[in-house]
J.: 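The structure follows.
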Amino acid sequence: MGTAEAPAADAEAAPVVRFVDVTAESGIEYVLPSGTDSTYPMPAVMGGGLAGFDADGDGDLDLYIIAPAPGGNRFYLQQEGGVFTDATSAAGLEGDGMGCAVGDLDNDGDLDLYLTRVGPDRLFLNDGEGVFADRSEAWNAAVPGWSSSAALVDYDRDGYLDLYVARYVAFDPARVCSQHGGRRDFCGPTEFEGLSDVLLHNLGGTGFEDVSVAAGITTVEDAGLGVVAADFDHDGEVDIYVANDADPNNLWIHQGGGRFLDDGVLQGSAFNRWGNSEAGMGIAVGDADLDLDLDLFVTHLITETNTYYRNLMLPGFEDATIDTDLGAASLDLTGFGTAFFDADNDGDLDLAVANGAVKRRPSALAAPGAATAPFPFWSDYVEPNLLLLNEDGRFVDASAQAPWTELGLSRALVPADLDGDGDLDLVIADLDGTPRLLRNLTIDPGADTNATTSNWLRIRAFDSRLRRDAIGARITVQTPDGARLVHALPPGSYLSAGAATAHLGLGAADTVQGFEVVWPDGLAEHFPGAAANQVVELIRGEGRIR
């Protein structure tokens, strides 16, 4: 790969955070195919999904890599020592797609997989050992059209996970697009009509019913790409936020009874501070300002900057991008996958952003003749990714060192502790390149003399009645530095899925005083404190930690 010039950031202002690319030793040599050819098919530049989840119940995170090219998907099981083996055929997960959602849809104690595609979508049910059966037709899950990201949400609180599917545009492969001067390039979303999203109601773990019309979400036909579901206003009802490409973003506030109202404009999360809709791609969700509510970060097209929406609760959201120094670093980049995650376990949330252009850049970053990504076709599109560290509410660009300076066409991004050492690693999908596994060595004193020792907790909210994680549970943790909010939520990102286990950095604190959990059905419950540096399971209805 090529290497970008280091960003003009004050290196001394950034904490010492170290990631290393361990893809070569992971056993993953697969090059994720985009399906790009001389016709410039639009799905080829938009795809590259990713899931990190424990498919076979052995305690290790496995990887499902999703490609827009026919037959391009690959499923990898993690073996002892952090090596991955290709189990695609044995698992029954061949095919192609855009993105995915992962969760226990039939409450049998294992994780199932929903695959979004340029229609029809596919549903795979897990037998508990990492072998999947296609139940798309039987479950009425074969959503047509171009689906992008999907989110699991028990909107009616019946104990079964429903599914919100964001859809993109009514793509016509015969449509030819070009830049000024007539040079062929990929089409943008404004060349096609947008599609309404789909809400699938889970019928007790036996199938889905399409309730999109009754829910009120078919009133909007926009180009949806990113989606997250959470109770943003703490009223006990789950809400849904959708990032739309060149259209206003949607904030579907649950009115109760399965009806949703798009309140994005009134609550300040549809446009940026100048009243402009932007090219919404991926979404990060988390309590970035430590005020015990969920904020949003949305990635955008080159020249637009990414946007940070600070949650003010009753007034809604405000665009705090400039206030937090989050604009300049992204101005010359096109962002896709993104996540709030605590890179250094110091107790606040940092940001990672996966970048890559969708049209030829005004100025290419790759050196002339360089073999980039390793497909020279993309030399005018490749970009570096971003690492932004939270320093007292402002974000410092810490992307000045490899592997962040390496060029690629990155899409999906998932934070996950792949090696179980207590810090969050990253997996990034690169089109026509090998997916990148970035191991976090920041708190590993054996790896670098500059590494710090920071404590952590991994928190699983578990409902034994349902035999699964309580997705959507709101957890307030009492730490020596004050209350911290985490949620049992898969990462939003872009075309991505991951575990619903929450990760909390604790800095120097070696214990927490207690947990307050608001379960998805409204039950509020207190749990005692716990020592740091372990995985804790909060069991619903028992008030105890396992």
J.: Report yes or no: do N345 and H503 form a side-chain donor-acceptor pair below 3.5 Å?
T.: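 Looking only at side-chain atoms, H503 and N345 do form a donor-acceptor pair, the distance falling under 3.5 Å.
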J.: Can you list the residues that meet the side chain to side chain contact (heavy atoms under 4.5 Å, CB included) rule with P189, with sequence neighbours excluded?
T.: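 P189 satisfies side chain to side chain contact (heavy atoms under 4.5 Å, CB included) with M42, Y168, V169, A223, D245, A246 once adjacent residues are dropped.
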J.: Only counting residues at least two apart or in another chain, list the ones meeting side chain to side chain donor-acceptor pair (under 3.5 Å) with S410.
T.: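 Checked S410 against side chain to side chain donor-acceptor pair (under 3.5 Å); matches are N385, D430.
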J.: Could you check whether the rings of F208 and Y114 sit parallel, tilted or perpendicular, using 30° and 60° as the cut-offs?
T.: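 Taking Y114 first and then F208, their aromatic rings stand perpendicular (interplane angle over 60°).
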J.: For the pair D197 and R167, find out whether any cationic side-chain nitrogen is under 4.0 Å from an anionic carboxylate oxygen.
T.: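 No, this pair does not count.
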J.: Could you check whether any side-chain heavy atom of V242 comes within less than 4.5 Å of a side-chain heavy atom of D262, counting everything from C-beta outward?
T.: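 No, too far: nothing below the 4.5 Å cut-off.
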J.: Pick out which of Y164, Y155, Y241 makes a side chain to side chain donor-acceptor pair (under 3.5 Å) with W252.
T.: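 The single option meeting the side chain to side chain donor-acceptor pair (under 3.5 Å) with W252 is Y164.
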J.: Residues two or more places apart in sequence or in another chain: which of them pass side chain to side chain contact (heavy atoms under 4.5 Å, CB included) with A230?
T.: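 Partners of A230 under the side chain to side chain contact (heavy atoms under 4.5 Å, CB included) test: F232, L294, L489.
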J.: Could R484 and D287 be called an ion pair, given the rule that one side-chain N must be under 4.0 Å from one carboxylate O?
T.: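 No salt bridge links R484 with D287.
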J.: What residues form a side chain to side chain donor-acceptor pair (under 3.5 Å) with W146, not counting sequence neighbours?
T.: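 Scan of W146 (side chain to side chain donor-acceptor pair (under 3.5 Å), adjacent residues dropped) gives none.
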J.: Is R361 salt-bridged to E383, cutoff N-O under 4.0 Å?
T.: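 Yes, this pair counts.
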J.: How many angstroms lie between atom CG of D417 and atom CG of D423, to the nearest 0.5 angstrom?
T.: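 Going from CG on D417 over to CG on D423, the span is 6.0 Å.
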J.: A side-chain contact here means heavy atoms from C-beta on lying under 4.5 Å apart; do N306 and L326 qualify?
T.: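 No; the side chains remain at least 4.5 Å from each other.
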J.: How would you list, by chain and number, every residue that makes a salt bridge (Lys or Arg N to Asp or Glu O under 4.0 Å) with E304, sequence neighbours excluded?
T.: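 Scan of E304 (salt bridge (Lys or Arg N to Asp or Glu O under 4.0 Å), adjacent residues dropped) gives none.
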J.: Assess the pair F19 and W404: is the distance between their ring centroids shorter than 6.0 Å?
T.: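 So the answer is yes for these two rings.
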J.: Determine, using ring centers only, whether F124 and Y64 are less than 6.0 Å apart.
T.: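 Aromatic pair excluded; centres sit 6.0 Å or further apart.
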J.: Should the pair F377 and Y40 be assigned to parallel (<30°), tilted (30 to 60°) or perpendicular (>60°) ring geometry?
T.: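 Ring orientation of F377 relative to Y40: tilted.
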J.: Please list all pairs passing the ring pair (Phe, Tyr, Trp, His ring centres under 6.0 Å) test where one or both residues lie in residues 287-313, with sequence neighbours left out.
T.: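 Every candidate ring pair (Phe, Tyr, Trp, His ring centres under 6.0 Å) pair involving residues 287-313 fails, so no pair, neighbours aside, qualifies.
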J.: Are any of the side-chain heavy atoms of F84 and L437 separated by less than 4.5 Å?
T.: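 With C-beta onward as the side chain, the pair touches.
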